[in-house]
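To find a chain, count down the sequence lines: A is the first, B the second, and so on, and within it residues start at 1. Values below: every heavy atom of this structure, side chains too, minus hydrogens, waters and symmetry copies.
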2 protein chains.
Amino acid sequence: MERIYQETAGKLKALSDPKRLKIVDMLSCGEMCACVILESFHITQPTLSHDMRVLLEAGLVRDRREGKNTYYSLNREALDALRAVLGQMFQDKPDCICRLAEQACREGKEGEQGHDRST
Amino acid sequence: MERIYQETAGKLKALSDPKRLKIVDMLSCGEMCACVILESFHITQPTLSHDMRVLLEAGLVRDRREGKNTYYSLNREALDALRAVLGQMFQDKPDCICRLAEQACREGKEGEQGHDRST
DNA sequence: CAAACATATTGACAAACTTCTATTCGACCC
DNA sequence: GGGTCGAATAGAAGTTTGTCAATATGTTTG
């Protein structure tokens with residue numbers, strides 16, 4: 001139940017950098033060589049390599065070696081799934097976590113024991 | 001042009017924490033008192049206060065004082081807008097930034113000058 | 001094989017983030 | 001007014017992140 005927050009937060013963290021967001025945008029219409037991506041930024045090659053690794057480890061992009069070059073592309077399923085999860089979290093819904101919390105709170109006011117204090 | 005990455009990344013960063021993501025989920029069906037939110041976590045009150053401020057400053061939630069209590073609620077427009085921006089960035093589109101980059105790259109191969117090296 | 005090239009890895013350092021304790025602020029109640 | 005309660009702020013410690021220079025790895029080419 002809590003794992004979804006952990007995983008989703010991890011993916012959002014990978015995207016929470018203007019550079020990486022722009023990279024995703026650049027990849028959105030097809031795969032691209034690292035060297036081309038690099039030319040769009042004022043960063044060194046190791047920095048780009050690090051950023052690509054962050055996106056890879058979050059599962060948001062894929063890589064493909066071809067000779068000397070590395071080509072990156074979006075993992076569209078993962079990105080769409082991420083957006084779907086966010087939609088779920090932002091929207092009202094009958095089994096919302098908040099109702100459980102409110103219920104626990106009411107029970108707490110009466111009995112004062114056993115809240116679900118999971119992180 | 002680059003500002004959208006900066007702003008979007010900032011909002012994603014606010015959401016890139018499991019706690020804050022869970023808080024947004026909790027608020028998704030209505031406003032909630034800080035004291036109730038606090039009961040759902042193993043954190044101190046100042047920590048929650050800090051997290052709520054992060055969400056507030058990102059423009060993702062609103063606050064309302066009522067006597068001693070503070071009630072928080074989602075800024076649904078901002079959250080929906082965020083999701084829409086992500087949709088744009090994840091999807092293919094004819095005026096995609098990647099095409100501009102590729103074009104700049106091709107021109108560079110021929111003339112070797114004047115790339116758009118904006119961050 | 002040696003040189004050149006595209007990436008990845010390592011190590012270092014500063015900036016930013018997370019979380020806590022202690023304290024302050026504001027509102028309510030006797 | 002003094003005490004209490006909920007929340008915000010300040011300050012500090014520990015952790016993580018972003019970035020670079022230097023170096024290593026792997027691939028192609030002469």
**Request:** List for me each residue that meets side-chain contact (heavy atoms from CB on, under 4.5 Å) alongside B:R65, sequence neighbours excluded, and say none if there are none.
**Result:** B:T70
**Complete:** Outer limits of DNA chain D sitting under 4.0 Å from a non-hydrogen atom of chain B, read 5' to 3', are D:dC5 to D:dT9
**Message:** Would A:K22 pass as a cation-pi partner of A:F41, given that its NZ or CZ must be under 6.0 Å from the six-membered ring centre and within 45 degrees of the axis?
**Reply:** yes
**Item:** d(NZ, B:K68; P, C:dC29) in whole Å
**Value:** 7 Å
**Message:** Could you check whether the side chain of A:Q45 and the base of C:dA6 have a donor-acceptor pair of N or O atoms closer than 3.5 Å, going by distance alone?
**Reply:** no
**Complete:** In terms of heavy-atom contacts, A:R76 and A:L27 come closest through NH2-O, 4.4 Å
**For the student: nearest non-hydrogen atoms of A:Y72 and A:I37, plus distance** = CD1-CD1, 4.3 Å
List every contact pair, protein side and nucleotides 12-18 of chain C side both N or O, where the distance is under 3.5 Å.
unit_1, atom_1, unit_2, atom_2, d
C:dT18, OP1, B:R20, NH2, 3.2

**Message:** If the cut-off is 4.0 Å, is B:T44 near the phosphate of C:dC20, judged by side-chain N/O to OP1 or OP2?
**Reply:** yes
**Item:** Over all atoms of both residues, closest heavy-atom pair of B:E31 and B:S73
**Value:** CB-CB, 3.6 Å
**Message:** Distance check needed: C:dT9 P versus A:L48 CG, whole Å only.
**Reply:** 13 Å
**Request:** Would you kindly compare A:R65 and B:S49 by the position of their nearest DNA chain D nucleotide and give the one closer to the 5′ end?
**Result:** B:S49
**Item:** Between CG on residue B:L12 and CG on residue A:L21, distance to nearest 0.5 Å
**Value:** 6.0 Å
**Asked** When you measure from the side chain of B:S16 to the backbone N and O of B:K13, does any donor-acceptor pair fall under 3.5 Å?
**Response** yes
**Message:** In whole Å, I'd like the distance from the OH atom of A:Y71 to the P atom of C:dA8.
**Reply:** 13 Å
**Request:** Report yes or no: does B:R64 contribute a side-chain atom to a donor-acceptor pair with the main-chain N or O of B:Y71 at less than 3.5 Å?
**Result:** no
**Prompt:** Roughly, in whole Å, what's the span from CG in B:N69 to P in C:dC28?
**Reply:** 9 Å
